[in-house]
Amino acid sequence: MEFLRVTGENLDREHICCALTGADAAGKKAWLADRFADGLVFCKGDARGKCFVEYLPGEKAWAPVEAEGLLWINCLWVSGQLAGQGNAGQLLERCEQDALDQGRGGLTILSADKKRPYLADPRFLTHMGFTEADRAGYFRLYWRPLDGAARPPRFRDCARSQRTDCEGLILYYTCQCPFAAKYAPLAERLAAARGVPLRALRLETMEQAQAAPSPFTAYGLFWRGGFVTHEIMSEKKLDKLLAELEKED
């Protein structure tokens, strides 16, 4: 498979393979356009389907991590008929070469205690030479050093407790993930219909994302100050969750 790098010059005409279509893709493309100046790279396979990697310098990560001198992988996603063909490994090789060319000490990515939606599979990462560097709740921070002097990444303190001072039901999200941008307004409407006030707070700057109360800034749902889930929920799943939360009252 050949790989294509999406840039500011071809962004308008290229399909973003993690994105939905039409208006749902616009927010993601706008987010990408604003990040290219920070060194963001979006590289995808030339076949139709989900096969891409998105990364940028650790200092510019939209996540509450300390990853100076490393490359932060926002997302590595290969699925469907494109999985199981070595494509994920080839994408990681491109990341590694880019890190070496930039003089960076390694790669780092967000994972979990087990395979969970929207997070890198820890078994795959281990197979590819990554090791665990830090943990916060069920989140795991993995890295693969390329330099013996490289410092391992760590979660910022704000993400360790996974608590927020906001009362009620709060959803933090970004346009980094097009699914989050689509389902956040739906979550507000669904919660309102059930009489459960929900505030959807979009993180609009890198600084806000780096100060977030959860490692996965694309989507983080909190109830009464405590973390509930990072999973981007459909209306059906969210309705079930809201019913469970209401039982706690």
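Computed from a prediction, not measured in an experiment: that's the story for all the values here.
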How many angstroms lie between CZ in Arg140 and CZ in Phe155, if you round to the nearest 0.5 Å? 8.5 Å
Can you check whether His15's main-chain N or O pairs, donor with acceptor, with Lys44's side chain at less than 3.5 Å? yes
More than 12 heavy atoms of other groups within 6.0 Å of Asp165 CG: no
Is there side-chain contact between Pro213 and Phe222, with heavy atoms separated by less than 4.5 Å? yes
Transitively linked via ILVMFWY side-chain contacts under 4.5 Å: Tyr173 with Met233? no
Nearest non-hydrogen partners of Pro64 and Cys158, listed with the distance: CB-SG, 3.7 Å
Take Glu235 and Arg189 through the test side-chain contact (heavy atoms from CB on, under 4.5 Å) and record every step on the way to the result. CA-CA 10 Å; Glu235 291 180 87; Arg189 292 197 291 271; over 6 Å; no
When hydrophobic residues are tied together by side-chain contacts of less than 4.5 Å, even through go-betweens, does Leu186 share a cluster with Tyr219? yes
For Pro197 and Leu169, work out which heavy atoms get closest and say how close. O-CB, 3.6 Å
For the ring pair (Phe, Tyr, Trp, His ring centres under 6.0 Å) test, which of Trp31, Phe36, Phe52 pairs with Phe42? Phe52
In this structure, CG of Leu241 is separated from CD of Glu231 (nearest 0.5 Å) by 9.5 Å
To the nearest 0.5 Å, how far apart are CG in Leu40 and CG in Asn74? 6.0 Å
Is a side-chain N or O of Lys50 found less than 3.5 angstrom from the main chain of Gly80, in a donor-acceptor match? no
Please give me the minimum heavy-atom distance between Ser234 and Tyr183, naming the atom from each residue. CA-CE2, 3.9 Å
Can you tell me how far apart CH2 (Trp72) and CG (Leu56) are? Round to the nearest 0.5 Å. 9.5 Å
Arg151 CZ: over 12 foreign heavy atoms closer than 6.0 Å: no
Parallel, tilted or perpendicular for Phe216 and His230, by the 30°/60° rule? perpendicular
Can you list, by chain and residue number, the hydrophobic cluster partners of Phe124 when the side-chain cut-off is 4.5 Å? Met1, Phe3, Val41, Val53, Tyr55, Leu71, Ile73, Leu76, Val78, Leu82, Leu91, Leu92, Leu107, Ile109, Leu125, Met128, Phe130, Tyr142
Spacing of CD belonging to Gln176 relative to SG belonging to Cys75, to within rounding of 0.5 Å: 8.0 Å
Take Asp134 and Arg160 through the test salt bridge (Lys or Arg N to Asp or Glu O under 4.0 Å) and record every step on the way to the result. CA-CA 10 Å; Asp134 203 0; Arg160 292 187 183 281; 2.5 Å; yes
Do any pairs count as a salt bridge (charged side-chain N to carboxylate O under 4.0 Å, His left out) and have a residue in residues 194-220, sequence neighbours left out, and if so which ones? Arg194-Asp239, Arg194-Glu246, Arg202-Glu204
Rounded to the nearest 0.5 Å, how far apart are CG of Leu141 and OG of Ser111? 9.5 Å
Between Ala181 and Cys175, what is the shortest heavy-atom contact and its length? CB-SG, 4.1 Å
Over all atoms of both residues, closest heavy-atom pair of Gly226 and Arg163: CA-NH1, 3.4 Å
Return the minimal non-hydrogen interatomic distance between Ala63 and Pro215, and the atom names on each side. CB-O, 3.9 Å
Do Leu221 and Thr229 touch side chain to side chain, with heavy atoms closer than 4.5 Å? yes
Does Trp62 share a hydrophobic cluster with Leu110, counting links as ILVMFWY side-chain heavy atoms below 4.5 Å and allowing steps through other members? yes
Under 3.5 Å: donor-acceptor pair, side chain of Asp147, backbone of Gly103: no
Holding to side-chain contact (heavy atoms from CB on, under 4.5 Å), I want the full list of residues that pass it with Gln210, two or more places apart in sequence or in another chain. Arg156, Met206
Taking the side chain as C-beta and beyond, is there a heavy-atom pair between Pro153 and Leu70 under 4.5 Å? yes
Evaluate the salt bridge (Lys or Arg N to Asp or Glu O under 4.0 Å) criterion for residues Lys28 and Glu54: first the C-alpha distance (whole Å), next the side-chain angles of each, then the deciding distance (0.1 Å), finally the verdict. CA-CA 12 Å; Lys28 170 67 175 182; Glu54 179 183 308; 2.7 Å; yes
